[in-house]
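Below: one structure, written as structure tokens.
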Number of protein chains: 2
Amino acid sequence: MHTIKEIAEMANVSRSTVSRALNNSGYVSEEARKRINQVIEKTGYVPSEHAKSLRTKKTKVIGVIVPTIHTETSGKIVAGIDHELAKHGYQILLATTNLNRKKELEYLDLLQVRQVDGIILLGTNTQQQLVEKLNTLSVPVVVIGQELEGIISVVNDDEGAAMELTSYLISQGHTRIGFIGVDETDRAVGYMRKQGYLKAMNHHRLPVKSEWMQEAVFDIDSGHDAMQRILQQPNHPSAVFAATDRLAVGAISFLKRADFRIPTDIAVAGIGASEIATYIDPPLTTVEYQYELAGEHAARQILSQASGSTEVHEKIVLDYRLSIRDSV
Amino acid sequence: MHTIKEIAEMANVSRSTVSRALNNSGYVSEEARKRINQVIEKTGYVPSEHAKSLRTKKTKVIGVIVPTIHTETSGKIVAGIDHELAKHGYQILLATTNLNRKKELEYLDLLQVRQVDGIILLGTNTQQQLVEKLNTLSVPVVVIGQELEGIISVVNDDEGAAMELTSYLISQGHTRIGFIGVDETDRAVGYMRKQGYLKAMNHHRLPVKSEWMQEAVFDIDSGHDAMQRILQQPNHPSAVFAATDRLAVGAISFLKRADFRIPTDIAVAGIGASEIATYIDPPLTTVEYQYELAGEHAARQILSQASGSTEVHEKIVLDYRLSIRDSV
DNA sequence: CTGAAAGCGCTTACAG
DNA sequence: CTGAAAGCGCTTACAG
């Protein structure tokens, strides 16, 4: 690894001149520039990012905090972020919380210490402590998936999507509709989607039975078990709306095991348009969210904040699209 | 953001002493330590990682280069890496090549410039230029998925897995077996898996017809199209081995669309044990690879190299397990 | 157009 | 046990 000092000596100029040539700032004579470029070419010199960061306070790195990295949703969002950042020469420093809220806070500190130029958080909750911390951060922050007070966010219209999907089930003649949801501290997925379901049911004056509503966690097995609990009730719904595709996949797998026909005996719908939902039998009726786009939007917001632009949206709400397949 | 100088002044000691207290290196009197800790507590001071890195040449960051981030395989591997690194306070700096080989080389430089303590590359090819570059790198490198000369690697036994799977198809009475593979410049997936297939066929003295072997790219649609091409032949195989699960999923989707029964009319098998393979109808017979473990191993190798340990394995070959389901 | 000098925020021999 | 000083590799006014 060469340093700017060595390059300067080899090119017979000062470090200042090399620096100016490197950054195209200030004047550098053609001759000097030529010699410098030759030396750089020959040595393969690249300036140290750390030294640069120390001086300029810029790192061209964006911290990204996700609950998990191996799920389809996170994967798509991170891909979207990366795609947009790469265009501008930025990179991602990754932090995975494994859904541990304490880690979420810790990583926020750690990323700040590493002087990232911005932080994108894939939000899983709206705990007060998080909101406060986020608001005190000195680097730009964008949250994806949750609306947090005072924080720039990119969100899905969870309530709208859930309402529309539930209304679709109703339009197909279902009146007894069950619900598999998640913990409401995840406001977007847990609370808003449930609200959408409840609103649609109320709007159509349909009964909502608490036995038909089960809470699960974010995995396929949990959807399986929730479906089982719903069917243990004496009379069961003719359709079930699961808050996520993975939950719906679990529900379907239980139904098939228990020899229910889908959708004849029980219809199932989810949200997320995961790949697995496309290939499961029967293909799942779901709502398509634009995760990659969410990541791109978030990256753009961070970038414009980092460059001091005022063109920042307080909140971006993404479009969704009902994807009707054979499970309903 | 406070600096060490400010902390030193507030605690009435020198920067040196603060630094020693921070790093538990050298002597610091109890009194001094107490005052320093109080100040740190009060101010929430955290030392700048950049300044530190500039001095120590350590960053506690590992660069990870992947072809894509949103696929299940990459996701699991990165999760495994992250899991192991997090234990030791390291973080991942992510670089996605989108299968662009030029970017692979560029990112290698970029990560080195960013002074990462090590680089993990999820290998997709064995081009000479890459091997050479890797060998000249001054930071520790581990490659996952491909065996490269002179480079520490964590690999699957691709040939063995393919042989075993093909032999299983044969044991089920199949003699006309087709193959859907990928470009052989991906030596592990393209070449080794094909070799395993060919060896098993030869070993059982079964004919291999070139019309039954199709090349695809890494996605579901491509598997779909390859299956279609295979069936355009006058007489077709009774089983098809696809080099990856996603290819197999595509093949199945074509077969279903064309009203073939699986496995009665045609059996299908893949490699990878992807989640989608579990839930597709019929569930796919496949080979289970341990992607998360691969990531963990790679991280451990990088960490021990970075800490100058000599306990480094030149090559780790992971175990696999045949996962027999209903598609054969 | 160019270079000397200061400074970014740390750590680490070294001298005391 | 402690502090002054040098140095890591850059950039950026400033003076010429």
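The figures here come from the full heavy-atom set of this structure, side chains too, leaving out hydrogens, waters and symmetry mates. Residue numbering restarts at 1 for every chain, and letters A, B, ... go by the order of the sequence lines.
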*asked:* Any base atoms under 4.0 Å from A:Ser16, or only sugar-phosphate, or nothing? Heavy atoms, all strands.
replied: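 The residue A:Ser16 makes base contact.
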*Base, sugar-phosphate, or nothing: which does B:Lys57 touch, judged by heavy atoms less than 4.0 Å apart?*
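Counting heavy atoms under 4.0 Å across all strands, the contact made by B:Lys57 is with sugar-phosphate only.
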Between [X] ([atom1]) and [N] ([atom2]), how many Å, whole number?
X: A:Glu31; N: C:dT2; atom1: CD; atom2: C1'; value: 13 Å
X: B:Arg20; N: C:dC10; atom1: CZ; atom2: P; value: 16 Å
X: A:His50; N: D:dC10; atom1: NE2; atom2: P; value: 12 Å
X: A:His2; N: D:dG9; atom1: NE2; atom2: P; value: 12 Å
X: A:Glu49; N: D:dT11; atom1: CD; atom2: C1'; value: 13 Å
X: B:Lys58; N: C:dT11; atom1: NZ; atom2: P; value: 15 Å
X: A:Ile4; N: C:dA4; atom1: CD1; atom2: P; value: 14 Å
X: A:Glu9; N: C:dG3; atom1: CD; atom2: P; value: 12 Å

Nucleotide nearest [X] when distance is taken to its side chain, options [options]:
X: B:Lys52; options: C:dC10, D:dT12, C:dC8; answer: C:dC10
X: A:Thr3; options: D:dC1, D:dC10, C:dT2; answer: D:dC10
X: B:Arg15; options: C:dT2, C:dT11, D:dC8; answer: C:dT11

_5' precedence on DNA chain D between B:Gln115 and B:Thr17 (nearest-nucleotide basis)_ = B:Thr17
*B:Ser14 vs A:Leu22, nearer the 5' end of DNA chain D by closest nucleotide*: B:Ser14
Looking only at side-chain N and O atoms, does [X] come under 4.0 Å of OP1 or OP2 in [N]?
X: A:Ser29; N: C:dT2; result: yes
X: B:Tyr45; N: C:dC10; result: yes
X: A:Ser19; N: D:dT11; result: yes

*Compute whether any side-chain donor of one residue and acceptor of the other, for A:Glu149 and A:Asn135, lie under 3.5 angstrom apart.*
no
*No-hydrogen, no-angle side-chain donor-acceptor test under 3.5 Å, B:Thr185 and B:Arg101*: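 Per modelled atom types, B:Thr185 and B:Arg101 side chains form a pair under 3.5 Å.
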Salt bridge flag under 4.0 Å for residues [X] and [Y]:
X: A:Lys315; Y: A:Glu147; result: yes
X: B:Glu292; Y: B:Lys76; result: no
X: A:Glu296; Y: A:Arg300; result: yes

*For the side chain of B:Arg55 and the base of D:dG7, is some donor closer than 3.5 Å to an acceptor across the two?*
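Answer yes: a donor N or O sits under 3.5 Å from an acceptor.
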_G-U wobble or Watson-Crick pairing nucleotide for D:dG16 (cut-off 3.5 Å, both distances)_ = C:dC1
